[in-house]
Amino acid sequence: MHYKFKKIEEKWQKKWLAAHAFRAQADSTRKKYYLLEMFPYPSGKIHMGHVRNYTIGDVASRFKMLQGYNVMHPMGFDAFGQPAENAAIKNKTKPDTWTRKCIKEMETELKRMGFSYDWEREVSTCDSDYYKWNQWIFLKMFERGLAYKKASAVNWCPSCSTTLANEEVVEGGCWRCHTKVEQKDLEQWYLKITEYKERLLEDLSQLKEWPQRVLAMQNNWIGKSSGVDIYFRLKDRDRVIPVFTTRADTIFGATYIVLAPEHPLVKELIQGRRQEKEALEFIDKVAKESKVVRASTDIKKEGVFTGSFAVNPVNNEEVPIWIADYVLMEYGTGAIMAVPTHDQRDFLFAREHKLAMRVVIQPKGNSINAEDLSQAYEGDGIQINSAEFNGLSNLEAKEKIAAWMEKKGIGKIQTHWRLRDWLISRQRYWGTPIPIIYCSKCGIVPVPYKDLPVELAKDAPFTGEGGNPLGKVKKFVEVKCPKCKGAARRETDTMATFFDSSWYFLRFCSPKFNDAPFNIGEAKYWMTVDQYIGGIEHAILHLLYSRFFTKFFQDIGMVDFPEPFQRLLTQGMVLKDGEVMSKSKGNIVDPDSMIKDYGADALRLFILFAAPPETELEWEERGLEGALKFLNRVWRIQENLKDKADAELLKVLHKTIKKVTEDFGEFKFNTAIANLMELTNAIYQLGADREVFSKLVIMLSPIAPHFCEELWEILGNKQSIFKASWLEYDPQLLVEENVELVIQVNGKVRSKIEVPRDIPEDKLKELVLKDEKLVPWLEGRPLKKFILVPQKLINIVI
RNA sequence: GCCGAAGUGGUGGAAUGGCAUACACGUCGGUCUCAAAAACCGAUGAGGGCAACCUCGUAAGGGUUCAACUCCCUUCUUCGGCACCA
């Protein structure tokens, strides 16, 4: 028979809720601990990924609680977003109705897992109490020129019929529906995240407790690249084309330059030339190409000659100016110098179009020449054909040439970045309205703070056709200009939902605060988030945006720290048969039915035991059975308690306390559980008294909270187990009088010996050399060395 | 191509210089039972040996060390990020 998990879990969930057991209040006399898991999109059902994420967080939270910290562990819902609109169209309902129903269902499921949230702090981003502050933040950014509108080619998802941020384009497709992203010229709202690029990059080094790979991904994404802008003069006109290079050492090998087809100078360069028609056709062709096609490395590099020439400023050589599709307008200066001998792309292009090549770097101990090359030499070496720089190593020359060019005014040491401004407007209904009004007289007018929130029109029609439903609500669109009171039109675009989640961790500090997005004093107490837990899929998007927002709040004096998340854990995915669980694969395991069959505590235990938190976890129902089996085993201990535990068991207990405390602190829940299992096994061998058993129950309580509350009550305690304190171990009990030493001969284990722990070395040596088992190994061979690792091992070298 | 993570029994995994495979799953054997389930006890890396034991073994190869899953070098494989980024 299993212990009655269903009854027990329901009982304690009710009690916790009624007692506001996890209510957090700022208290400057107590040490705080802010634990946060990434809040979910309310799809209605939780999945195993949520269960894993939130279980990890819950154990950490309850452990810190037992350790006496003032723990804040909030939960909320990232409730805006497209699925609600799709559902509204499909089910003929409103996004609002649908979302709220989903939130209700999800709350129930989360409660059923026994998570220790302070539900009084719950926020949903779709509440105007919340999104009002999105608008407030937007206006603050607008005032500082950090929110701005511009027309440009933007990423457009035809299936979602909305724009996408660069961060939301994954392998050329929409991050949500994978539809191929198109380019469209639109006027859109942007946030100037690029203004923070240096700080976003530099402060990564402060994040010592973030996973390496997340730091690496952010680093890549920001994409700082240092080099030189070199100024090429036009041969027949007083105009300059700057090109960007990271390889200033190859400048003497630049035999032509290439502009992106969209480069503003191109039209002028080709005008009236023999090549004009061909060039125009080429530009037109490239313009029609999608970014994905153009970005594929394996495609042949195409280009045309402009008919114009430029002058290489280091040697006054005339070089032809080409345009080619492999040069991108968005990066660097939109123009490059081509060094076919030392850049593979230039090499392929030059060979195709029979352009000149010159070797300027010789590999050490080898000699190459342009005619014989089958590919570019991109490695290091010694400068040749480079005037006064000949003979230098190219690495040295790179520095020297850059400095020399800067001094002569023909170049400038320059840094270029990959990071672009963040496109935030979306042509969708279910999001935060952008608080802007367009007036034919006054232009772009921000909605005054006193008029916030700009509420979503509740009665927008959901037909699935004809663009943003907000645009069809006259009442919403037609407004008076706040400045001149004349007729004006309201912005109908809404904000990307990543805006909402970029600061919710601050809102949790004072979720009902009415005067600002958050109460500065409360945030000062609770922030920063001590431990943040979530999926790796947010390594760039959400985490980068949140860092940006925090720096913005720092700049406007609302917080006094640059980074929001002290420590980050990215939990691994839950797999079934080696694959990610998904509807399309039909391999989804529903947490709710697992709770029904095994109980939430067993589910929590299994998911923590099966793998360390960061690695992928293979779903195995047998393992879940095993977890329940273990809980039953612990349950039965109470039926056979002794009056006094023996000394041997106390030693095991205190070792376990030490190990489990350390493991919990480092989120090594799998080994912590293994240790608790060993203690349980020892209790089965030796028998436990009520004190030892109570301690086992305390250690297990963060993992299986309902189960342990019940046992705690059975043991006669009146208060919740989470009012108890965590355990101290007695170091005295960890000291063994006798220790077993391993005896190795030449590094191989040949014998073992039990000796008093403080035995003097000479006496030990005498004892060891008498060991019968060693005789065949030592006989007739001179002893070279006797190595003793105290209390562990002896190695005899012969 | 660049950056990052990883590779250990039949399986999930443990050990971060000191007994490789803790803990669990699975499998096999036993106790209890008319029988089964549950529970409990035991065995379980491979090969050899009646046995005591021996040899091999942490992706592959090399190195450092008395001692290497662990540190260093080279290579391979898998996963993830970035990428005609100049």
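The figures that follow rest on heavy atoms only: side chains count, while hydrogens, waters and symmetry mates do not.
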Touch class at under 4.0 angstrom, heavy-atom based, for Glu618(A) against every strand present: nothing
Touch class at under 4.0 angstrom, heavy-atom based, for Pro612(A) against every strand present: sugar-phosphate
Most 5' of Gln744(A) and Ile787(A) on RNA chain B, judged by nearest nucleotide: Gln744(A)
Comparing Asn746(A) and Asp346(A) on RNA chain B - which has the more 5′ nearest nucleotide: Asn746(A)
Residue-phosphate contact under 4.0 Å: [X] side-chain N/O, [N] OP1/OP2:
X         : N      : value
Ser225(A) : A86(B) : yes
Asn670(A) : C23(B) : no
Arg213(A) : C79(B) : no
Arg418(A) : A83(B) : yes
Lys629(A) : A37(B) : no
Asn675(A) : A14(B) : no
Arg345(A) : C85(B) : yes

Starting at [atom1] of [X] and ending at [atom2] of [N], how long is that distance when rounded to a whole Å?
X         : N      : atom1 : atom2 : result
Asn219(A) : G80(B) : CG    : P     : 21 Å
Leu617(A) : U11(B) : CG    : P     : 17 Å
Ile796(A) : A67(B) : CD1   : P     : 15 Å
Phe347(A) : C84(B) : CZ    : P     : 21 Å
Lys668(A) : G12(B) : NZ    : P     : 20 Å
Glu620(A) : G13(B) : CD    : P     : 11 Å
Phe667(A) : A14(B) : CZ    : C1'   : 20 Å
Trp221(A) : C3(B)  : CH2   : P     : 19 Å

Nearest-Å distance once atom [atom1] is located in both [N] and [M]:
N      : M      : atom1 : value
G7(B)  : U21(B) : C1'   : 16 Å
U44(B) : G63(B) : C1'   : 36 Å
A22(B) : A15(B) : C1'   : 8 Å
U65(B) : U78(B) : P     : 35 Å
G17(B) : C84(B) : C1'   : 46 Å
A20(B) : A39(B) : P     : 34 Å
G4(B)  : G9(B)  : C1'   : 29 Å
C71(B) : C85(B) : P     : 34 Å

Ring-ring centroid check Phe347(A) Phe349(A), cutoff 6.0 Å: no
Aromatic ring proximity Phe609(A)/Phe669(A), centre distance under 6.0 Å: no
Is there a Watson-Crick or G-U wobble partner for [N] with both distances under 3.5 Å, and which nucleotide is it?
N      : result
G12(B) : C23(B)
C85(B) : none
C66(B) : G18(B)
C56(B) : G45(B)
A39(B) : U31(B)
G7(B)  : C76(B)

Gly49(A) backbone acceptor or donor facing Asn53(A) side chain under 3.5 Å: no
Heavy-atom donor-acceptor pair, Asp249(A) side chain to Ile401(A) backbone, under 3.5 Å: no
Aromatic ring pairing His542(A)/Phe565(A), orientation class (parallel under 30°, perpendicular over 60°, tilted between): tilted
Tyr331(A) and His416(A) aromatic ring geometry - parallel, tilted or perpendicular at 30°/60° bounds: tilted
Assigned glycosidic conformation for G9(B) [threshold 90° from 0]: syn
Donor-acceptor pair present, Asn220(A) side chain and C82(B) base, under 3.5 Å: no
Base C19(B) paired with Lys792(A) side chain (donor-acceptor, <3.5 Å): no
Residue pair Glu302(A), Lys285(A): steps toward the side-chain contact (heavy atoms from CB on, under 4.5 Å) verdict: CA-CA 11 Å; Glu302(A) 292 189 74; Lys285(A) 185 181 145 224; 3.0 Å; yes
Closest approach of Asn746(A) to Val797(A) (non-hydrogen atoms, all atoms of both residues): OD1-CA, 3.4 Å
